[in-house]
Amino acid sequence: MKRTTANQLEILADWESICERCGRCCYEKYESRGKIIYTSTPCRYLDKSSGFCRIYPRRSQVHPDCARLTPELVAAGILPADCPYVKDIEDYPAPILRTPAKTTGKAPR
Ligand code: SF4
Ligand code: SF4
C-alpha cells in the first residue's frame, strides 16, 4: 500500500484552500487514447448555480464514482488547464472540455 507523505498531505491541504469552487471538474468525463475528455453532463449532485457539491462531506459514500483529487490524477490531466491547481504546471496534459466557461467565485462548500 502506498503511503501519503507529509509533503503530499501539505499539498492536499493547499488544494482545498485554492479551489475556486467553479464546479467544472464535476462534469462527467471519460478517457480516450490516454486523453481525458469532459462531457457537457454535470454530476447529478452538482448545484450548477453555486458550483457547490450538494453532498460534499458524504460524497464518497453517496457517489463512489466521485474521484478524490490525488497528485497522480492531477498529473494524468483531470483538471481544466486554467484551474488554480494546475495552471502553472509546465506541459500540463489538459483535458478536452465540453463544459461551460468558469462562472462562479470562491466560496465555502
Ligand atoms: S476545476 Fe479546479 S477550481 Fe474548479 S472546482 Fe474543480 S478543483 Fe476547484
Ligand atoms: S459528488 Fe460532488 S464533488 Fe463529486 S463529482 Fe459530484 S458534485 Fe462533484
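Only heavy atoms go into these numbers, but all of them, side chains included; no hydrogens, no water, no symmetry mates. Values in this document were obtained by computation on a predicted structure and should not be read as measured data. Both counts, for ligands and for their atoms, begin at 1 and track the order of listing.
- In this structure, CD in Glu20 is found 8.0 Å from CG in Asp82, a value given to the nearest 0.5 Å.
- Near Pro84, meaning under 4.0 Å from any of its heavy atoms, are these atoms of ligand 1: 3 (S).
- Comparing Arg68, Arg54, Lys29, His63 by heavy-atom distance to atom 1 (S) of ligand 2, the nearest is His63.
- Contact detail for Tyr85 and Leu69: the closest heavy-atom pair is CE1-CD1, 3.4 Å.
- Under 2.8 Å from atom 8 (Fe) of ligand 1 lies no N/O/S atom of Cys25, from backbone or side chain alike.
- Below 4.0 Å from some heavy atom of Cys53 lie the following atoms of ligand 2, by number and element: 1 (S), 2 (Fe), 3 (S), 7 (S).
- Applying the 4.0 Å criterion to heavy atoms of Leu46 picks out, from ligand 2, the atoms 7 (S).
- In summary, the atoms of ligand 1 found under 4.0 Å from a heavy atom of Pro80, numbered by their order in the structure, are 1 (S).
- Residue contact check: Tyr85 has heavy atoms under 4.0 Å from atoms 7 (S) of ligand 1.
- Under the 4.5 Å side-chain heavy-atom criterion for grouping Ile, Leu, Val, Met, Phe, Trp and Tyr, Leu73 is connected to Tyr92 within one hydrophobic cluster.
- Distance alone, capped at 3.5 Å, places no donor-acceptor pair between the Arg59 side chain and the Arg68 backbone.
- Looking at Lys29, its side chain does come within 3.5 Å of a backbone N or O of Tyr27 through a donor-acceptor pair.
- In the vicinity of Cys43, heavy-atom distances shorter than 4.0 Å reach the ligand 2 atoms 1 (S), 5 (S), 6 (Fe), 7 (S).
- Following chains of ILVMFWY side-chain contacts shorter than 4.5 Å, one can reach Val74 starting from Ile18, so the two form part of one hydrophobic cluster.
- Near Tyr45, meaning under 4.0 Å from one of its heavy atoms, ligand 2 places the atoms 7 (S).
- In this structure, of Cys26, Pro42, Cys66, the residue bringing a heavy atom nearest to atom 8 (Fe) of ligand 2 is Cys26.
- For Thr41 (side chain) and Glu28 (main-chain N/O), no donor-acceptor pair under 3.5 Å exists by modelled atom type.
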